[in-house]
Visitor: 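Sharing a structure here in structure tokens format.
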Amino acid sequence: MTAREEQYSRLVMAAEPRPFWLDQPGAPPARPPLQGEAAADLVVIGGGFTGLWTALLAKESDPERSVVLVEGNRVGWAASGRSGGFCEASLTHGTANGRERFPAEFATLQRLGAENLDAIRATVERHGLDCGFERTGSIGVATEEYQVDGLRAAAETDGLAFLDTDAVRAEVNSPTYLAGLWDKQGTALVQPARLAWGLAAACERLGVRIFEGTPAAGLASDADGATVRTRAGVLRAGRVALGTSAFPALLRRLRPYIVPVYDYVLMTEPLSAAQRAAIGWRNRQGIGDSANQFHYYRLTGDDRILWGGYDAIYHFGRGISAAYDQRPATFASLAAHFFTTFPQLEGIGFSHRWGGAIDTCSRFCAFFGTAHRGRVAYALGYTGLGVGASRFGARVMLDLLGNERPRGGSSDARAQEDTERPRGGSSDARAQEDTEPSELTTLRLVRTKPVPFPPEPLAYLGIQATRWSLARADRHDGRRNLWLRALDVAGLGFDS
Ligand SMILES: Cc1cc2nc3c(=O)[nH]c(=O)nc-3n(C[C@H](O)[C@H](O)[C@H](O)COP(=O)(O)OP(=O)(O)OC[C@H]3O[C@@H](n4cnc5c(N)ncnc54)[C@H](O)[C@@H]3O)c2cc1C
């Protein structure tokens, strides 16, 4: 280790080893676990954004429907509450991925994504969710010459603002920036734990029962519905929605589609007025660089910088463990990259360091489906971009479960309308009626699945080869080697 690396290593190890967002005032007290048996029209498994949006939208569209949400740990403790809080309109992990994989419906997906982000903002306002929602937009920055043309081309194709070196540095002052791509509409920033806590409170105000510390251990179904097995007993359900992300899927056949990949984050101390002035950033955009091993960063409400990304770590056998949340070597690299980007901030400390598991799939955006003869639906595989898309995933699951009646027109407009004019009648009867396809369930995005990952040791070897190749491409002007080109041809990928 060089003296500089040693210095950064000491600096990051002085930080609190836990997610900043979850370590803030306002955390709700733990909710008691489910005791004994219970029944509901809809049981949601998982208390991250996917599960919370599912419960909220289900109740908003039909207040009569009984909804139970079971969370194995605490609401928002996993990816949702430890994310960067970039709430993106994109449902496809960016425009390039979406355009390539879903060319025929890409325009529709872009519209649905924009409607989804608008609807998130409307929900934040309607329910008074105190989550620091800021529609700042985002800037993709080029830090290597070979990345500049890519941004210029994307600006043209996507109708976004291209910033040359002076213009991008006028926005945010880093000597590493060569160009930028400013998307003014497609990103909002949120305090993600507060969004999860607020969604849970809104669910409860509408009558959703939430049980924490209640892992679901198994699923079964019969003619009357589904059953969810927990430690406390059996939960009867008309329908079940699964939002279990990177954790072992309750439907075993889904396990090959997901690998848990660890992503890491540092949080600085609050910047002083002088430090803030030294970097500009008046418009507070979210920022991401253009490398394969990219960094994402943003300001918080109290002017800290969240600095994350770069490493994407997979553990053999789809390993998930609290021990993996900390990775000193990655934190030291992140700190070094931080000070290269903002040398003006040399000397600032880091208050928090953490990591979390991402539900990575080979097409980089969520996939959906049903099981148990349509009684169980799932939305998984957001691959590091699910803060916004999870609400869309929730709507897809509810449509797949037959719980929203298609009425034509924009489907988000329909969801709003349902909120204002709740339909009466038994939700069970309606679930039987509403099996027609909806705008969402007919999307190719919803009807198709990613290519599954192979079993071990091939998954591990393939992912390591991909990581190595991506890092190498970053060092060689983005040139993709044979392995990456073969994956491109096969439509396969690996990303955080
Ligand atoms: C470090 C990091 C940074 C990120 N940054 C961003 C970002 O800036 N923008 C963005 O869009 N995305 C980001 N992501 C990804 C984003 O956080 C996720 O895509 C999104 O939060 C997924 O929400 P979820 O509800 O599907 O999953 P989670 O939040 O992981 O929730 C799943 C929940 O299910 C529960 N669960 C699992 N199995 C069971 C079971 N059997 N019984 C009961 N409960 C169960 C878990 O305990 C967990 O609470 C980031 C992720 C990480 C880790």
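Counting starts at 1 for both ligands and their atoms, in listed order.
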Visitor: Answer yes if the ring centres of Phe339 and Tyr8 are under 6.0 angstrom apart, and no otherwise.
Guide: yes
Visitor: Consider every N or O of Gly51 and every N or O of ligand 1, then say whether any pair is closer than 3.5 Å.
Guide: no
Visitor: For Thr268, is there any backbone N or O sitting under 3.5 Å from a side-chain donor or acceptor partner on Arg304?
Guide: yes
Visitor: I want to know whether Trp77 and Phe247 have ring centres closer than 6.0 Å.
Guide: yes
Visitor: Give the intermediate values and the outcome of salt bridge (Lys or Arg N to Asp or Glu O under 4.0 Å) for residues Asp303 and Arg284.
Guide: CA-CA 9 Å; Asp303 278 349; Arg284 302 178 60 82; 2.9 Å; yes
Visitor: Between Tyr297 and Phe338, is the gap from one ring center to the other below 6.0 Å?
Guide: no
Visitor: Tell me whether Asp23 is salt-bridged to Arg18, with the criterion being a basic N under 4.0 Å from an acidic carboxylate O.
Guide: yes
Visitor: Which ligand 1 atoms does Ile45 reach within 4.0 Å, using its non-hydrogen atoms?
Guide: 40 (C), 42 (N), 43 (C)
Visitor: Give yes if a backbone or side-chain nitrogen or oxygen of Ile358 is under 3.5 Å from a nitrogen or oxygen of ligand 1, and no if not.
Guide: no
Visitor: Find all atoms of ligand 1 within a distance of less than 4.0 Å from any non-hydrogen atom belonging to Gly48, and give their numbers and elements.
Guide: 25 (O), 29 (O), 31 (O), 33 (C)
Visitor: Tell me whether Arg231 at atom CZ has more than 12 heavy atoms from other residues, nucleotides or ligands lying less than 6.0 Å away.
Guide: no
Visitor: Could you tell me if any non-hydrogen atom of Pro215 lies under 4.0 Å from any atom of ligand 1?
Guide: yes
Visitor: So with a 6.0 Å cut-off around CZ of Arg135, is the heavy-atom count from everything else above 12?
Guide: yes
Visitor: Can you check whether Ser80 has an N/O within less than 3.5 Å of an N/O in ligand 1?
Guide: yes
Visitor: If we only count N/O pairs under 3.5 Å, is Ala78 in contact with ligand 1?
Guide: no
Visitor: Give the residue and atom name of whichever protein heavy atom lies nearest to atom 24 (P) of ligand 1, and the separation in Å to one decimal.
Guide: Thr50 OG1, 3.5 Å
Visitor: Verify side chain to side chain contact (heavy atoms under 4.5 Å, CB included) between Trp21 and Arg194, making sure each step is shown before the conclusion.
Guide: CA-CA 8 Å; Trp21 308 119; Arg194 298 189 81 85; over 6 Å; no
Visitor: One residue to check: Val265. Relative to ligand 1, which of side chain, backbone, both or neither has a non-hydrogen atom less than 4.0 Å away?
Guide: side chain
Visitor: Centre-to-centre under 6.0 Å for Phe331 and Tyr264, is that the case here?
Guide: yes
Visitor: What is the nearest protein non-hydrogen atom to atom 34 (O) of ligand 1, stated with its residue, atom name and distance?
Guide: Gly46 CA, 3.3 Å
Visitor: Using distance alone, decide if ligand 1 has a nitrogen or oxygen within less than 3.5 Å of any nitrogen or oxygen in Val387.
Guide: yes
Visitor: Which is it for Phe247 and ligand 1 at heavy atoms under 4.0 Å: side chain, backbone, both or neither?
Guide: side chain
Visitor: With a 6.0 Å cut-off (strictly less than), is the heavy-atom count around CD of Glu16, excluding the residue itself, greater than 12?
Guide: yes
Visitor: For atom 3 (C) of ligand 1, which protein heavy atom lies nearest, and how many Å away is it?
Guide: Tyr296 OH, 3.2 Å
Visitor: Less than 3.5 Å between some nitrogen or oxygen of Phe86 and one of ligand 1, yes or no?
Guide: yes
Visitor: Run the ring-centre check on Phe367 versus Tyr257 and record whether the distance is less than 6.0 Å.
Guide: yes
Visitor: Mark up the atoms of ligand 1 that fall under 4.0 Å of a heavy atom belonging to Gly85, in ascending order.
Guide: 7 (C), 8 (O)
Visitor: State whether the side chain of Gln326 and the backbone N or O of Gly355 hold a donor-acceptor pair below 3.5 Å, judged by distance alone.
Guide: no
Visitor: Check step by step if side-chain hydrogen bond (donor to acceptor under 3.5 Å, both in side chains) holds for Tyr382 and Thr50.
Guide: CA-CA 10 Å; Tyr382 299 99; Thr50 301; 3.2 Å; yes
Visitor: Indicate, as side chain, backbone, both or neither, the part of Tyr264 found under 4.0 angstrom from ligand 1 when only non-hydrogen atoms are considered.
Guide: neither
Visitor: With side chains defined as the heavy atoms from C-beta onward, is the minimum distance between Leu334 and Val12 less than 4.5 Å?
Guide: no
Visitor: More than 12 heavy atoms of other residues, nucleotides or ligands under 6.0 Å from CZ of Phe133: yes or no?
Guide: yes
Visitor: Which protein non-hydrogen atom lies closest to atom 47 (O) of ligand 1, naming both residue and atom, and how far is it?
Guide: Glu71 OE2, 2.6 Å
Visitor: Has Arg391 got its NZ or CZ under 6.0 Å from the middle of the six-membered ring of Trp53, at an angle within 45 degrees of the ring axis?
Guide: yes
Visitor: Has ligand 1 got any nitrogen or oxygen that is less than 3.5 angstrom from a nitrogen or oxygen of Ser83?
Guide: no
Visitor: Measure from atom 39 (C) of ligand 1 to every heavy atom in Val44, Leu385, Leu219, Thr244 and give the option owning the shortest one.
Guide: Thr244
Visitor: Please work out which of Gly308, Ala249, Ala216, Gly72 has its closest non-hydrogen atom nearest to atom 40 (C) of ligand 1.
Guide: Ala216
Visitor: Check each atom of ligand 1 against the heavy atoms of Gly243 and keep those under 4.0 Å away; list them by number with element.
Guide: 32 (C), 33 (C), 34 (O)
Visitor: For Thr214, is the nearest heavy atom under 4.0 Å from an atom of ligand 1?
Guide: yes
Visitor: What residue and heavy atom of the protein are closest to atom 1 (C) of ligand 1, and at what distance?
Guide: Arg82 O, 3.5 Å
Visitor: Enumerate the atoms of ligand 1 whose separation from the nearest heavy atom of Gly356 is less than 4.0 angstrom.
Guide: 53 (C)
Visitor: For atom 5 (N) of ligand 1, what's the nearest protein heavy-atom neighbour? Residue, atom name and distance, please.
Guide: Gly84 N, 2.8 Å
Visitor: Closest non-hydrogen protein atom to atom 13 (C) of ligand 1, residue and atom name please, with distance?
Guide: Gly384 O, 3.2 Å
Visitor: Output the distance between atom CE (Met397) and atom CG (Leu400), rounded to the nearest 0.5 Å.
Guide: 9.0 Å
Visitor: Mark the output for Tyr262 as yes if a heavy-atom distance to ligand 1 is under 4.0 Å, and as no if none is.
Guide: no
Visitor: What is the nearest protein non-hydrogen atom to atom 17 (O) of ligand 1, stated with its residue, atom name and distance?
Guide: Ala79 O, 3.1 Å
Visitor: Once you restrict to heavy atoms under 4.0 Å, what part of Phe49 touches ligand 1? Side chain, backbone, both or neither.
Guide: both
Visitor: Tell me, please: is Glu88 in heavy-atom contact with ligand 1, that is, under 4.0 Å?
Guide: no
Visitor: Examine the proximity of ligand 1 to Thr383 and report which part, side chain or backbone, both or neither, has a heavy atom under 4.0 Å away.
Guide: neither
